[in-house]
Novice: 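Okay, handing you the structure first.
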Amino acid sequence: MNKLIALLMTLLVVTTAGAQSGKDARIKEIRTAYSQAKKKIEQNGKGAKSRKDMSIQLNNLDDEDVPLYTEESIDYYFDEISTGDTKTLQPYFIVENWTCHGHVRYREILLNPKNQQVMFCYMKGETDGGFVVESRYYYDTKGKCIEEKHNTHNSWTDGASEKENADYYLKLFNMVNHMGDVSSPEPGSKKKSTTPKAQRIKDIRSIYAQAKDKIAKNEKAEMPNNILITIHDLGDDMPPRTTETNMYFDKDCYFISNHISSMSFDSYSEYLFAPQDKSLIFSYTKAKEEGNEYEWRYYFDENGNCIETKSNSEDTDDGIVDKRTAKDFQAFFKTLLDENPY
């Protein structure tokens with residue numbers, strides 16, 4: 001009996017030692033990957049190489065009666081990964097900076113760019129009273145947290161919640177980089193418009209003017225509401241490209257502008273949404289390529305049907321692509337404001 005107990009104890013010690021050895025090796029691997037990622041970020045956009053990064057900046061006045069103003073930036077650094085004939089953008093590092101009425105938070109997320117699996121998370125937060133929380137989380141290849149380090153017992157997060165947060169940021173990244181490709185084309189509605197076409201277009205132009213006026217006031221406001229998404233990337237074997245998207249909102253998003261520019265291509269688009277049901281009522285695109293300039297304007301009735309197309313191009317689609325893109329932008333907006341875990 002004593003020999004059996006001794007054997008079991010020996011097996012337990014060996015198993016524990018093996019697990020500890022495996023954990024130590026994984027943590028060492030993570031620290032090496034972290035160091036390499038930091039060096040890569042430092043060289044991003046240098047040495048005649050194009051930048052590969054994306055930033056989401058959110059300014060949000062949550063309540064005008066009791067002003068609770070939030071400023072948040074989420075910065076992504078990514079590689080272009082080839083899989084067969086396709087190339088995808090895969091982030092390897094994410095940085096978050098958040099502030100609200102004297103409370104601040106800084107976060108880093110290290111990812112495996114091949115599969116977007118979280119490897120390491122770091123979070124440092126400070127209240128307006130000066131209380132500081134600092135946490136580090138290490139994960140195995142299956143996404144399980146294997147090590148936590150805190151500067152205080154009153155930590156704000158744990159391994160599971162930090163992974164949830166990392167997954168949320170990844171969701172935002174993937175939504176942005178597949179804008180216009182997620183939503184399915186909407187079939188035309190058989191409902192007849194209750195507003196005459198001329199009156200509908202007049203109403204849309206009035207709403208457009210009101211939106212532009214609201215945007216101008218918002219940009220001058222001390223606490224504006226807006227989302228700015230900036231992407232620098234190579235883009236489909238083309239010259240370096242910059243995409244800048246502005247989303248304007250009060251309680252809901254009412255206007256979006258999107259500008260894509262490179263040495264060989266320039267495109268500017270606008271999306272206007274109805275004040276009542278937030279459906280797309282107007283879209284505009286102006287594109288320049290190889291010396292040619294094209295414009296498209298689409299007007300939609302209350303049922304989502306295109307009632308007027310104005311373009312100098314023969315390539316028109318009744319605004320189907322614009323409707324899909326607008327729907328994806330709205331899904332991103334809802335995710336950013338409504339699904340944020342913190």
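Just so you know, residue 1 is the first one in the sequence shown, and it goes up from there. These values consider heavy atoms only, across backbone and side chains, with no hydrogens, waters or symmetry-generated copies.
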Novice: Going by the rule ring pair (Phe, Tyr, Trp, His ring centres under 6.0 Å), which residues pair with Tyr106 if we only count those two or more places apart in sequence or in a different chain?
Specialist: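 Testing Tyr106 for ring pair (Phe, Tyr, Trp, His ring centres under 6.0 Å), a comparison that skips the adjacent residues, returns none.
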Novice: Aromatic ring centroids of Tyr299 and Phe282 under 6.0 Å?
Specialist: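 Distance test on ring centres: under 6.0 Å, yes.
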Novice: Considering the options Tyr34, Phe120, Tyr122, which one meets the ring-ring contact (aromatic ring centres under 6.0 Å, His included) requirement together with Tyr138?
Specialist: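 Among the candidates, only Phe120 passes.
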Novice: Just jot down the side-chain contact (heavy atoms from CB on, under 4.5 Å) partners of Asp338, sequence neighbours excluded, or say none.
Specialist: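 By the side-chain contact (heavy atoms from CB on, under 4.5 Å) rule, Asp338 matches Lys334.
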Novice: Does one side chain, of Gln117 or Thr141, offer a donor that lies under 3.5 Å from an acceptor on the other?
Specialist: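 Side-chain D/A pair, Gln117 to Thr141: absent.
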Novice: Can a side-chain donor-acceptor contact be found between Glu96 and Tyr169 if the only test is distance below 3.5 angstrom?
Specialist: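 Yes, side-chain donor-acceptor contact under 3.5 Å.
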Novice: Among side-chain atoms of Tyr137 and Thr157, is any donor-acceptor pair under 3.5 angstrom?
Specialist: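 Yes, side-chain donor-acceptor contact under 3.5 Å.
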Novice: Indicate whether the side chain of Thr245 and that of Asn258 have a donor and an acceptor atom separated by less than 3.5 Å.
Specialist: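 Thr245 vs Asn258: donor-acceptor pair found between side chains.
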Novice: Under the rule for side-chain contact (heavy atoms from CB on, under 4.5 Å), what residues qualify as partners of Lys278, not counting sequence neighbours?
Specialist: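 Partners of Lys278 by the side-chain contact (heavy atoms from CB on, under 4.5 Å) criterion, ordered by chain and then number, come out as Asp252, Gln330.
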Novice: Sequence neighbours excluded, which residues qualify as side-chain contact (heavy atoms from CB on, under 4.5 Å) partners of Ile41?
Specialist: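 Residues passing side-chain contact (heavy atoms from CB on, under 4.5 Å) with Ile41: Tyr77, Tyr92, Phe93.
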Novice: For Lys286, what residues pass the side-chain contact (heavy atoms from CB on, under 4.5 Å) criterion, not counting sequence neighbours?
Specialist: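 With sequence neighbours excluded, Lys286 shows a side-chain contact (heavy atoms from CB on, under 4.5 Å) to Tyr284, Lys288, Glu293, Glu295, given in chain and number order.
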Novice: Could you tell me whether the side chains of Ser161 and Asp158 share a donor-acceptor contact shorter than 3.5 Å?
Specialist: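 Yes, because at least one side-chain N or O of Ser161 sits under 3.5 Å from a partner of the opposite role on Asp158.
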Novice: Could you check whether His259 and Asn246, counting side-chain N and O atoms only, form a donor-acceptor pair closer than 3.5 Å?
Specialist: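 Result is no, nothing qualifies.
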Novice: Please confirm whether the backbone N or O of Tyr298 pairs with a side-chain atom of Lys310, one donor and one acceptor, at under 3.5 Å?
Specialist: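 Absent.
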Novice: With distance as the sole criterion, is a donor-acceptor pair present between the side chains of Asn59 and Asn225 under 3.5 Å?
Specialist: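 Asn225 and Asn59 do not have a side-chain donor-acceptor pair below 3.5 Å.
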Novice: Can you tell me if Ser183 and Asp328 form a side-chain donor-acceptor pair at under 3.5 Å?
Specialist: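 There is such a pair between these side chains.
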Novice: With distance as the sole criterion, is a donor-acceptor pair present between the side chains of Ser55 and Asp75 under 3.5 Å?
Specialist: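 Present: a donor and an acceptor within the cut-off.
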Novice: Assess the pair Phe249 and Phe333: is the distance between their ring centroids shorter than 6.0 Å?
Specialist: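 Distance test on ring centres: under 6.0 Å, yes.
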Novice: Do Asp315 and Ser313 have side-chain N/O donor and acceptor atoms under 3.5 Å apart?
Specialist: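 Distance-only check fails for Asp315 and Ser313.
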Novice: Using the benzene-type ring in the case of Trp, are the ring centres of His178 and Phe173 under 6.0 Å apart?
Specialist: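 They do not qualify: ring centres at least 6.0 Å apart.
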Novice: Would you please test Gln57 and Glu72 for side chain to side chain donor-acceptor pair (under 3.5 Å) and show each step?
Specialist: CA-CA 6 Å; Gln57 294 178 308; Glu72 182 178 19; over 6 Å; no
Novice: Using the salt bridge (Lys or Arg N to Asp or Glu O under 4.0 Å) rule, collect all pairs that involve residues 208-218, keeping only residues at least two apart or in two chains.
Specialist: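 Only Lys212-Glu270, Asp213-Lys217, Lys214-Asp250 qualify under salt bridge (Lys or Arg N to Asp or Glu O under 4.0 Å).
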Novice: Salt bridge between Glu42 and Lys39, side-chain N to carboxylate O under 4.0 Å?
Specialist: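 Here Glu42 does not pair with Lys39 in a salt bridge, since their nearest N and O are not under 4.0 Å apart.
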Novice: Judged by atom type as modelled, is there a donor-acceptor pair below 3.5 Å linking the side chain of Arg26 to the main-chain atoms of Tyr139?
Specialist: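 Present.
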Novice: Do Thr127 and His103 pair up side chain to side chain, a donor and an acceptor below 3.5 Å, judged on atom types alone?
Specialist: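 There is no such pair (donor and acceptor under 3.5 Å, judged by atom type) between the side chains of Thr127 and His103.
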Novice: Going by distance alone, is a donor N or O of one side chain under 3.5 Å from an acceptor N or O of the other, for Thr32 and Gln36?
Specialist: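 No, no side-chain donor-acceptor contact under 3.5 Å.
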Novice: Looking at Gln199, I want to see if its CD is surrounded by more than 12 non-hydrogen atoms of other residues, nucleotides or ligands under 6.0 Å.
Specialist: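 More than 12 heavy atoms, drawn from other residues, nucleotides or ligands, come within 6.0 Å of this atom.
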